[in-house]
Number of protein chains: 2
Amino acid sequence: MTSTETTRAPATRQTWQRAAVRDLMERTEEFRTAQQVHDLLRKEGAKVGLATVYRALQSMAEADEVDVLRTPEGENAYRSCSRGHHHHLVCRSCGYSIEIHPEAMEQWARDIAEEHGFTDTGHELEIFGLCRNCSG
Amino acid sequence: MTSTETTRAPATRQTWQRAAVRDLMERTEEFRTAQQVHDLLRKEGAKVGLATVYRALQSMAEADEVDVLRTPEGENAYRSCSRGHHHHLVCRSCGYSIEIHPEAMEQWARDIAEEHGFTDTGHELEIFGLCRNCSG
DNA sequence: CTACTCTTGATAATGGTTCTCATGAACGCA
DNA sequence: TGCGTTCATGAGAACCATTATCAAGAGTAG
């Protein structure tokens with residue numbers, strides 16, 4: 001908070017690696033794990049380190065540029081998403097997913113929590129199933 | 001695969017280790033990880049192996065005797081619970097939790113999924129917050 | 001009691017994620 | 001444009017929860 005206008009947040013540095021990760025994420029519809037992203041980038045010829053992919057996805061998640069989802073296997077999966085809080089309907093076979101915005105459920109969750117004296121609440125909801133393609 | 005009527009399900013054998021785990025779980029209200037259960041048992045003087053605790057909790061989860069919950073840190077937490085499908089309201093500070101039975105939400109989740117052509121759906125919902133004690 | 005088989009448990013292996021740290025690249029500034 | 005500071009990178013090690021291994025021990029049926 002100095003008087004000069006140099007008070008900008010450290011602002012993550014712009015590297016081609018981060019750009020590559022962002023670009024890849026914006027080109028795909030499905031959830032991808034860090035390792036998958038890493039593999040895909042290597043296949044495209046981008047020699048990006050695994051740790052870097054992890055870091056990039058992490059900071060993108062913090063910036064709400066991608067959504068994080070913990071798979072039943074315990075891996076973190078990421079997908080580029082619209083801003084704001086929302087949830088997903090995910091195909092457990094192919095990973096195809098749809099964003100859902102359950103305002104009613106959100107309100108209900110808050111109410112339930114408050115009824116029991118809980119504060120500072122958040123929630124996580126995932127609906128899994130088989131999409132039309134995979135169930136046919 | 002003999003022809004004799006020995007085809008009964010193996011029926012988990014009754015050991016004091018499994019009994020100890022079950023007993024401990026029934027005495028607690030909060031979610032516990034396998035490692036916590038293991039530590040607690042050792043403190044009580046029960047020399048139970050870690051792998052055994054994992055196995056016991058796993059089979060109890062399959063039998064719906066305990067609920068499984070994946071913590072944000074990626075660990076599995078277990079808590080004895082009533083039978084049937086339900087969700088939890090969990091204090092992120094002390095682990096105190098309340099079962100919730102959101103029939104309305106369940107129906108809504110099914111509807112959303114079907115609307116998008118998804119079949120064989122399931123869902124996971126956890127509401128986290130601070131309980132009265134921890135937020136005071 | 002015996003025999004058979006499942007369970008146990010110490011330890012190794014697994015696998016996703018994070019840490020380490022030397023090297024290299026970005027950015028601010030002149 | 002050149003310099004220096006500082007942050008990002010990446011290869012590999014470390015971490016840590018969980019699972020597999022397998023010999024030894026305990027349950028159970030007969």
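In what follows, every chain begins at residue 1, and chains take the letters A, B, ... in the order their sequences are listed.
- Within the 4.0 Å cut-off from OP1 or OP2 of D:dA17, at least one side-chain nitrogen or oxygen of B:Gln35 is found.
- A:Arg79 and A:Ser97 share a side-chain donor-acceptor pair at under 3.5 Å.
- Taking atom NE2 on A:His38 and atom P on C:dT18, their separation rounds to 15 Å, with Å as the unit.
- Near-neighbour residues of DNA chain D inside residues 16-23 of chain A, defined by a heavy atom below 4.0 Å, number-ordered: A:Gln17, A:Arg18.
- Residue side chain A:Arg13 does not reach the base of C:dC27 through any donor-acceptor N/O pair under 3.5 Å, judged by distance alone.
- Partners of A:Thr119 according to the side chain to side chain contact (heavy atoms under 4.5 Å, CB included) rule, which considers only residues two or more places apart in sequence or in another chain, are B:Leu130, B:Ser135.
- Partners of A:Ser80 under the side-chain hydrogen bond (donor to acceptor under 3.5 Å, both in side chains) rule, at least two apart in sequence or in another chain, do not exist in this structure.
- Residues in residues 15-26 of chain A take part in these salt bridge (charged side-chain N to carboxylate O under 4.0 Å, His left out) pairs, two or more places apart or across chains: A:Arg22-A:Glu65, A:Asp23-A:Arg27.
- The nearest whole Å value for the distance from the CD atom in B:Gln36 to the P atom in D:dC16 is 15 Å.
- B:Asp67 and B:Phe31 make their closest contact through O-CE2, 4.1 Å (heavy atoms, listed as atom of the first residue, atom of the second, distance).
- With sequence neighbours left out, A:His38 forms a side-chain hydrogen bond (donor to acceptor under 3.5 Å, both in side chains) with no residue at all.
- A search for side chain to side chain contact (heavy atoms under 4.5 Å, CB included) contacts involving B:Glu103 returns B:His101, not counting sequence neighbours.
- A:Leu57 has its CG atom 15 Å from the C1' atom of D:dT9, to the nearest Å.
- Residues forming a side chain to side chain contact (heavy atoms under 4.5 Å, CB included) with B:Leu41 (at least two apart in sequence, or on another chain): B:Ala20, B:Val21, B:Leu24, B:Val37, B:Glu44, B:Ala46, B:Val48, B:Val53.
- Here A:Ala61 pairs with A:Val66, A:Val68, A:Tyr78 under the side chain to side chain contact (heavy atoms under 4.5 Å, CB included) rule; sequence neighbours left out.
- Atom C1' of nucleotide C:dG15 and atom CZ of A:Arg70 are separated by 14 Å, given to the nearest angstrom.
- Contact annotation: A:Thr15 side-chain N/O to D:dA8 OP1/OP2 distance is not under 4.0 Å.
- Residues in residues 48-58 of chain B take part in these side-chain hydrogen bond (donor to acceptor under 3.5 Å, both in side chains) pairs, two or more places apart or across chains: B:Gln35-B:Tyr54.
- When distances are taken from the side chain of B:Glu75 to each of D:dT28, C:dC27, D:dA17, the shortest belongs to D:dA17.
- Residues that satisfy the side-chain hydrogen bond (donor to acceptor under 3.5 Å, both in side chains) test with A:Arg42, not counting sequence neighbours, are absent from this structure.
- C:dA10 atom P lies 6 Å from atom CZ of B:Arg42, rounded to whole Å.
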Output field dot_bracket for DNA chain D (Watson-Crick or G-U, both distances under 3.5 Å, | for other-strand pairs) contains ||||||||||||||||||||||||||||||
Could you pull out the protein-nucleic contacts involving nucleotides 19-21 of chain D (nitrogen or oxygen on both sides, under 3.5 Å)?
| unit_1 | atom_1 | unit_2 | atom_2 | d |
| --- | --- | --- | --- | --- |
| D:dT19 | OP2 | B:Gln58 | OE1 | 2.7 |

